[in-house]
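Presented below is the structure to which this report refers.
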Amino acid sequence: MVMRKGPWMAEEDEILIEYVRKHGPRDWSSIRSKGLLPRTGKSCRLRWVNKLKPDLKTSGCKFSPEEERIVIDLQARFGNKWARIATYLPGRTDNDVKNFWSTRQKRLARILRTPLPSRSSKNHGKTPISSHEVAHLEVINQTDCIES
DNA sequence: AATTGCACCAACCGCACAAGA
DNA sequence: TTCTTGTGCGGTTGGTGCAAT
């Protein structure tokens, strides 16, 4: 069977959901060996965990300030243990947390690189910095000073 | 109107680890 | 004991849409 890669089609999702309904979320690699889907076990598992599993928050649902706070706090405690951090956030997956964090890191890196905007200048419609982020930024700044 | 920069998201890859042959 | 296979995790990339230029 020719292996498929890339985005999942609705029909593939249906097959995967049906497989999990019958067999549970395990034996991912037998989905391919049984000829049900031309996808690797890894790909099937990832699709299930991140998109198809029940009780997930719908994609496009932004992190709330509370969720943000939790991630920032837990990342400081555990490091980049996204799967672990995700267990504290109902409906979020490790991928969600990871994506949230890396977007945030890029944004913070850019803010640190550029001079502070004047009071009158617009924020270009970008996500504003929340107060707890400002606090965290100060920590990063101090760390940078120590490191450099 | 076209281009650019950014945020967000989905899915891949490589590595590590555990279980079983 | 070593090798193989399946699974889970973290890092990363590539695509899309939108707002600003």
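Proteins come first, then strands; the chains are lettered A, B, ... in the order of their sequence lines, and each starts at number 1.
A cation-pi contact, defined as under 6.0 Å to the ring centre and within 45° of the axis, is absent between A:Arg45 and A:Trp48.
To the nearest angstrom, C1' of B:dA10 lies 12 Å from CG of A:Leu52. A:Phe78 places its CZ atom 12 Å from the P atom of C:dG10, with the value rounded to the nearest Å. Rounded to whole angstrom, the span from the CZ atom of A:Arg32 across to the C1' atom of C:dT7 amounts to 14 Å. When the C1' atom of C:dG8 is taken as reference, atom NZ of A:Lys98 falls 10 Å away, rounded to whole Å. The CD1-C1' distance, from A:Ile111 to B:dA7, rounds to 13 Å in whole Å. Atom CH2 in A:Trp28 sits about 14 Å away from atom P in B:dA11, given to the nearest Å. Regarding A:Trp48, its CH2 atom lies at a distance of 16 Å from the P atom of B:dA10, rounded to whole Å. Atom CZ in A:Phe100 sits roughly 15 Å away from atom P in C:dG11 (whole-Å rounding).
Using a 4.5 Å cut-off between side-chain heavy atoms of Ile, Leu, Val, Met, Phe, Trp and Tyr, with links allowed through other members, A:Trp28 and A:Leu46 fall into different hydrophobic clusters.
Between A:Arg47 and the phosphate of B:dA11, there is a side-chain N or O to OP1/OP2 separation shorter than 4.0 Å. For A:Asn99, no side-chain nitrogen or oxygen approaches OP1 or OP2 of B:dA10 to under 4.0 Å. Phosphate proximity of C:dG11 to A:Trp101: absent, as no side-chain N or O sits under 4.0 Å from OP1 or OP2. OP1 or OP2 of B:dC12 has at least one side-chain nitrogen or oxygen of A:Ser43 nearer than 4.0 Å. For C:dT7, neither phosphate oxygen OP1 nor OP2 lies less than 4.0 angstrom from any side-chain nitrogen or oxygen of A:Arg26. Contact check, A:Arg45 against C:dG6: no side-chain N or O comes under 4.0 Å of OP1 or OP2. OP1 or OP2 of C:dT7 lies within a sub-4.0 Å distance of a side-chain N or O belonging to A:Ser29.
Side chains of A:Glu12 and A:Arg4 form a contact here, defined as non-hydrogen atoms less than 4.5 Å apart.
With hydrogens and angles left out, the side chain of A:Lys42 and the base of C:dG6 share no donor-acceptor pair within 3.5 Å. Remark: the A:Asn95 side chain and the B:dA11 base include a donor-acceptor N/O pair separated by less than 3.5 Å. No N or O donor and acceptor, one from the side chain of A:Lys81 and one from the base of C:dG10, sit under 3.5 Å apart.
In this structure, A:Arg39 reaches the sugar-phosphate backbone alone: every heavy-atom distance under 4.0 Å involves primed, P, OP1 or OP2 atoms, never a base.
Each of A:Lys106 and A:Leu46 was matched to the nucleotide of DNA chain B holding its nearest heavy atom; the match closer to the 5' end belongs to A:Lys106.
Closest heavy-atom contact between A:Arg92 and A:Lys62: NH2-O, 3.1 Å. Contact record, A:Cys44 with A:Leu16: O-CD2, 3.5 Å, taken as the closest heavy-atom pair.
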